[in-house]
Amino acid sequence: MTTHLLAKPAGPAPHGGQLPRAARWFALAVLVLAVLLVAVDATVLGLATPFLSEDLRPTGTQLLWIGDIYSFVIAGLLVSMGSLGDRIGRKKLLLLGATAFGGVSVLTAYASSPEMMIAARALLGVAGATLMPATLALIRNIFPDPRERSLAVGVWGATASAGAAVGPVVGGFLLEHFWWGSVFLINLPVMAVLVVVGVRLLPESKDPSPGPWDLVSVVLSLVGVVGVVYAVKETAAHGMRAEAAAAGVAGAVALLWFVRRQLTLARPLLDMRLFRNRGFSGAVLADLLTILGLSGLVFFLSQFFQLVQGRSPLEAGLAELPAAVGAVAAGLLAGVAARRYSVRSVVAGGLAAIGLALAALTGLGPATGYAPLGAVLLVVGVGAGLSFTVTADVILAGVPKEQAGAASAVSETAYELGAALGIALLGSIVTGVYRDFTTPPGIPPAAAATAHDSLGGAAAAATTLTPPHATALLEAAQHAFTDGMRLAAGAGAAVLLAASIASFFLLRQEKLDG
């Protein structure tokens with residue numbers, strides 16, 4: 001198999017369009033910078049949340065929107081952007097998206113209100129939707145050899161995990177020395193290197209006969225995903241309301257219309273026949289359920305380390321390192337393990353490990369020592385590294401290279417949709433339990449109202465009280481937040497164990513080539 005590469009860094013492409021071995025790995029090094037960009041941005045938000053809360057004073061609902069609007073928008077646009085990359089060129093889309101991502105990061109850093117922050121995160125979602133599908137699609141085309149591709153996908157996944165490690169540590173350092181907006185400005189040097197070097201090193205690739213980009217399908221996918229996720233989020237947080245029901249119905253209708261339209265178009269944005277492949281569907285479902293079970297809890301973990309256990313931002317970032325270390329190591333070995341044993345055993349085993357680790361967090365308390373928490377994070381990282389790397393390889397290997405962008409976008413959509421749903425559902429569990437805590441006697445109504453909005457609000461309200469009242473309020477808020485995390489961890493564990501069982505059956509016939 002050879003790749004359809006339209007350009008290469010210097011001189012004509014070798015026979016068959018395949019880059020030389022050294023050039024392929026240099027190209028991968030540039031691609032993973034885009035992964036690093038997205039991973040760092042996703043992880044620093046959790047660390048910055050307490051500082052952002054103190055400065056911008058968002059309500060609990062606004063705080064959830066700040067956390068998940070990026071995922072909402074990116075999930076709604078990933079399929080469209082993946083398909084656009086197949087049409088106009090994946091390199092071109094990647095470099096345009098990276099430039100936009102850097103520019104919007106500046107806007108995010110200088111947001112002066114919760115509304116402005118939510119809008120900036122939404123624009124980041126538009127830019128971010130161009131990055132991940134383009135990187136995976138380019139890997140699919142740059143590495144025609146299955147074993148090389150497995151290693152490349154492993155490096156891709158490991159870099160995402162490394163970004164998850166670098167983000168909290170660098171972010172923690174910045175938060176201790178600068179204002180919270182600085183954590184978003186670290187995107188700029190990475191973006192600059194990606195664009196400058198990528199122009200030279202990355203080969204261009206696209207579908208040679210893609211057909212037109214259907215704008216109606218683009219709108220339907222965006223409206224459908226955002227409408228459904230918004231409805232789930234609002235219902236989980238406030239119960240069924242007319243507004244949420246209307247959004248859910250509109251989203252469901254838009255998604256059904258999207259599917260029907262794809263089946264009638266000669267060159268659809270997304271070829272729905274891909275889902276007839278049991279392995280493809282099983283891998284996508286595994287990704288969605290895995291991140292759903294993880295994301296809501298991870299979003300609140302940085303707040304737990306800082307606002308419940310009193311760690312500094314840098315200490316909180318270092319505390320989360322075991323997850324990234326485990327994911328990097330497991331991601332690099334996942335392809336070898338899947339060939340030696342089986343795809344389904346590696347994926348199902350990884351998901352089961354995460355589920356059991358989350359189950360262990362149901363015993364979490366404000367005074368829980370770091371040793372058990374670090375062990376849980378390490379197991380979570382290993383499980384995620386195994387499962388995500390192998391499912392990405394299954395998805396890429398199961399489609400023609402001309403459709404690599406759209407297929408990669410499906411994988412990333414499952415990831416982002418799972419993240420949005422996870423933050424909405426599990427985050428709403430944490431928020432719901434937290435808001436019901438009993439206010440200690442003697443707390444002024446205004447301070448109590450602020451404290452019930454969010455844990456960051458409780459910390460801010462405590463600074464206005466006398467020491468005994470401040471301590472009582474903080475302890476009550478911290479115990480309520482921890483109770484919510486325990487319940488969310490149990491729900492996440494149930495989702496992960498269910499995903500493990502489902503993937504064991506759905507992936508039973510899958511094998512990696514080579």
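With contacts defined as side-chain heavy-atom distances shorter than 4.5 Å, the pair Met485/Tyr434 does not qualify. Using a 4.5 Å heavy-atom cutoff, the side chains of Ser217 and Gln262 are in contact. Residues Leu373 and Gln309 form a side-chain contact, since some pair of their non-hydrogen atoms from C-beta on lies under 4.5 Å apart. Between Ser503 and Leu351, some side-chain heavy-atom pair lies under the 4.5 Å cut-off. Counting only heavy atoms from C-beta outward, the side chains of Ile142 and Leu28 never approach each other to under 4.5 Å. In this structure, Trp25 and Glu148 have side chains that are in contact, with non-hydrogen atoms separated by less than 4.5 Å. When side chains are defined from C-beta on, Leu185 does not count as touching Ser105, because their heavy atoms never get closer than 4.5 Å.
The side chain to side chain donor-acceptor pair (under 3.5 Å) check on Thr135 picks up Trp156, with sequence neighbours excluded. Partners of Phe258 according to the ring pair (Phe, Tyr, Trp, His ring centres under 6.0 Å) rule, which considers only residues two or more places apart in sequence or in another chain, do not exist here. Under the side chain to side chain donor-acceptor pair (under 3.5 Å) criterion, Thr108 pairs with no residue at all, not counting sequence neighbours. Considering only residues two or more places apart in sequence or on other chains, Ser221 meets the side chain to side chain donor-acceptor pair (under 3.5 Å) condition with Ser80.
The minimum heavy-atom distance linking Leu289 with Ala499 is given by the pair CB-CB, 3.6 Å.
Here the rule is side-chain contact (heavy atoms from CB on, under 4.5 Å) with Val394, and of Val347, Val284, Val343, Thr389 only Val343 fits it.
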Exercise. Yes or no on side chain to side chain contact (heavy atoms under 4.5 Å, CB included) for Leu31 and Ile139, after CA distance, side-chain angles and deciding distance?
Worked result: CA-CA 8 Å; Leu31 289 177; Ile139 287 173; 3.8 Å; yes

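Sequence neighbours left out, not one pair with a member in residues 304-348 passes ring-ring contact (aromatic ring centres under 6.0 Å, His included).
Within 6.0 Å of CZ in Phe275 there are more than 12 heavy atoms belonging to other residues, nucleotides or ligands.
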Sequence neighbours left out, cut at 3.5 Å: what donor-acceptor pairs do the side chains of residues 374-382 make with other protein atoms?
none

